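Okay, so here's the structure we're looking at.
No hydrogens, no waters, no symmetry mates; every other heavy atom, side chains included, goes into these values. Model, not experiment: these values are computed from the prediction.
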Amino acid sequence: MTERLKKILSEITPCRKFADVGCDHGYAAKAVLDEGIASFAVVSDISAPSLQKAVKLLAGYGNRVRAVVCNGFEKIDPDCDQALIAGMGGEEIINILEGAPFLPARLVLQPMKNADKLRKRLLSIGYRILKDYLFKDGKYYFLIVAEKGSDEYTDDELFFGRDNLTGNNPDFTEYAKEQTEKYARYLSSEKLGEESRAEILKIIERYERVLK
């Protein structure tokens, strides 16, 4: 039970049927069942060998668990009302959402990259974002909680995550400083073209403005 998993689980609310999409070892589904957050869980993975790790972990839960090999939500029960998708790239999560035969009322998402693209897509397919922040557990992770509804984000909220702009998240402040320094190092490259240099300068200015 890593701090990352604890943080993700803290955002999963009581529901009838929970789905862990791309479940890996199945730790999230086990915790949800153990803590009574949901009475039934569906675990899925596109890889049968990977799914077997979760099947083995959840073997003692009988008819409270169903395991399916599928891509995204293809074989997930359509009455599932909350789903977790964690540990994938933002664009991969977008592909799962766009290809889904149905989407649950509530989503807990932990993209490894391209969180800005994921935020934009969530808003365009009829979700409002309830929570959107960064946390650190060795590495930095973005965590997005959304439910069906409507919402509007500013450009800065799309780029950084709305809750990171309040100034009350020390993990994000640390991340923003590191990003500023990283992009500043890019500017020293002699191979950098003028167009790329201008784009990097814009990114640095964005981080500096937020830090102020």
Side-chain angles (χ1 to χ4, degrees), residues 4-5 7-9 11-13 15 17-29 32 38 41-55 65-135 137 139-155 157-164 175 179 199 203:
R4 169 179 168 266
L5 187 54
K7 181 68 74 173
I8 291 170
L9 290 170
E11 300 297 352
I12 299 172
T13 55
C15 59
K17 186 173 288 189
F18 169 75
D20 189 355
V21 179
C23 64
D24 194 36
H25 287 80
Y27 294 136
V32 165
V42 184
V43 291
S44 75
D45 203 287
I46 197 169
S47 164
S50 292
L51 185 63
Q52 281 305 306
K53 292 180 289 186
V55 170
V65 176
R66 190 166 79 89
V68 290
V69 177
C70 67
N71 183 13
F73 286 92
E74 285 176 353
K75 297 180 183 178
I76 300 294
D77 301 348
D79 59 343
C80 165
D81 49 343
Q82 184 170 199
L84 168 67
I85 311 177
M88 304 180 196
E91 291 183 332
E92 189 174 359
I93 296 175
I94 290 170
N95 289 336
I96 288 174
L97 299 178
E98 290 178 342
F102 84 99
L103 287 172
R106 195 170 193 272
L107 294 169
V108 179
L109 309 172
Q110 189 268 291
M112 301 301 289
K113 57 182 179 179
N114 294 316
D116 54 336
K117 294 180 180 179
L118 179 56
R119 295 180 187 108
K120 187 174 182 178
R121 194 68 186 120
L122 283 168
L123 299 177
S124 72
I125 61 174
Y127 279 90
R128 67 188 186 98
I129 298 175
L130 304 176
K131 294 185 179 181
D132 185 359
Y133 61 93
L134 174 145
F135 67 93
D137 179 23
K139 297 191 292 186
Y140 296 106
Y141 301 96
F142 283 99
L143 191 54
I144 300 171
V145 181
E147 69 177 17
K148 288 186 175 178
S150 59
D151 200 358
E152 292 185 4
Y153 257 40
T154 66
D155 285 344
E157 287 171 339
L158 284 172
F159 189 80
F160 295 109
R162 178 179 285 166
D163 296 331
N164 293 317
Y175 168 81
Q179 289 295 104
E199 187 62 32
I203 294 172

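- Annotation for Ser150 and Arg128: closest pair O-CB, 3.4 Å, computed over non-hydrogen atoms.
- Between Val55 and Ala67, the shortest heavy-atom contact is CG2-CB, 3.7 Å.
- Residues passing the salt bridge (Lys or Arg N to Asp or Glu O under 4.0 Å) test with Asp151, sequence neighbours excluded: Arg162.
- The closest side-chain heavy-atom distance from Met112 to Glu92 is not below 4.5 Å.
- By the 6.0 Å contact criterion, CG on Asp79 is enclosed, its count of non-hydrogen atoms from other residues, nucleotides or ligands being greater than 12.
- Asp132 approaches Gly161 most closely through the heavy-atom pair OD2-CA, 3.3 Å.
- Pairs engaging residues 88-114 under the ring-ring contact (aromatic ring centres under 6.0 Å, His included) rule: Phe73-Phe102 [sequence neighbours left out].
- A salt bridge does not link Lys131 with Asp163: every distance from a Lys NZ or Arg NE/NH1/NH2 to an Asp or Glu carboxylate oxygen is 4.0 Å or more.
- How far CD1 of Ile96 is from CG of Leu107: 11.0 Å, rounded to the nearest 0.5 Å.
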Problem - Worked verdict on Tyr127 versus Leu103 for side-chain contact (heavy atoms from CB on, under 4.5 Å) - result: CA-CA 10 Å; Tyr127 279 90; Leu103 287 172; 3.2 Å; yes
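- Remark: of the listed residues Val108, Val42, Leu84, Leu84 is the sole one forming a side chain to side chain contact (heavy atoms under 4.5 Å, CB included) with Phe18.
- Rounding to the nearest 0.5 Å gives a distance of 4.5 Å between CG of Leu123 and CD1 of Ile129.
- The NZ atom of Lys117 lies 13.0 Å from the CG atom of Leu158; values are rounded to the nearest 0.5 Å.
- Not counting sequence neighbours, the partners of Arg4 by the side-chain hydrogen bond (donor to acceptor under 3.5 Å, both in side chains) test are Gln110.
- A search for ring pair (Phe, Tyr, Trp, His ring centres under 6.0 Å) contacts involving Tyr133 returns nothing, not counting sequence neighbours.
- In terms of modelled atom types and a separation under 3.5 Å, the side chain of Arg106 and the main chain of Gln82 share no donor-acceptor contact.
- Here the closest heavy-atom approach between residue Ile144 and residue Pro111 is recorded as CD1-CG, 4.3 Å.
- A search for ring pair (Phe, Tyr, Trp, His ring centres under 6.0 Å) contacts involving Phe142 returns Tyr175, not counting sequence neighbours.
- The CD1 atom of Ile46 sits 4.0 Å away from atom CG of Asn71, with the distance rounded to the nearest 0.5 Å.
- We find that Lys17 and Asp77 are joined by a salt bridge, their nearest charged nitrogen and carboxylate oxygen being less than 4.0 Å apart.
- Sorted by first and then second residue, the ring-ring contact (aromatic ring centres under 6.0 Å, His included) pairs with a member in residues 81-101 form an empty list; sequence neighbours excluded.
- Checking side-chain atoms of Asp20 against main-chain N and O of Ala41 turns up no donor-acceptor pair under 3.5 Å.
- Around atom NZ of Lys120, no more than 12 heavy atoms belonging to other residues, nucleotides or ligands sit under 6.0 Å away.
- The residues Arg119 and Glu157 are annotated as not salt-bridged, no charged nitrogen and carboxylate oxygen being separated by less than 4.0 angstrom.
- The NZ atom of Lys7 sits 12.5 Å away from atom CG of Leu5, with the distance rounded to the nearest 0.5 Å.
- Heavy-atom minimum distance, Ile8 versus Ala86: CD1-CB, 4.1 Å.
- The heavy-atom pair separating Ala54 from Val43 by the smallest distance is CB-CG2, 4.5 Å.
- Rounded to the nearest 0.5 angstrom, Ile94 CD1 and Met88 CE are separated by 13.0 Å.
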Exercise for the section: Report the C-alpha distance between Leu97 and Leu122 in whole Å, list the side-chain angles of each, state the deciding distance to 0.1 Å, and finish with yes or no for side-chain contact (heavy atoms from CB on, under 4.5 Å). Expected result: CA-CA 9 Å; Leu97 299 178; Leu122 283 168; 3.9 Å; yes
Practice task
Mind running side-chain contact (heavy atoms from CB on, under 4.5 Å) on Val21 and Ile93 for me, showing each step along the way?
Solution key: CA-CA 10 Å; Val21 179; Ile93 296 175; over 6 Å; no
Practice task
Could you go through the side-chain contact (heavy atoms from CB on, under 4.5 Å) check for Glu98 and Arg121 one step at a time?
Solution key: CA-CA 9 Å; Glu98 290 178 342; Arg121 194 68 186 120; 2.5 Å; yes
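- The environment of NZ in Lys148 is crowded: more than 12 heavy-atom neighbours from other residues, nucleotides or ligands sit within 6.0 Å.
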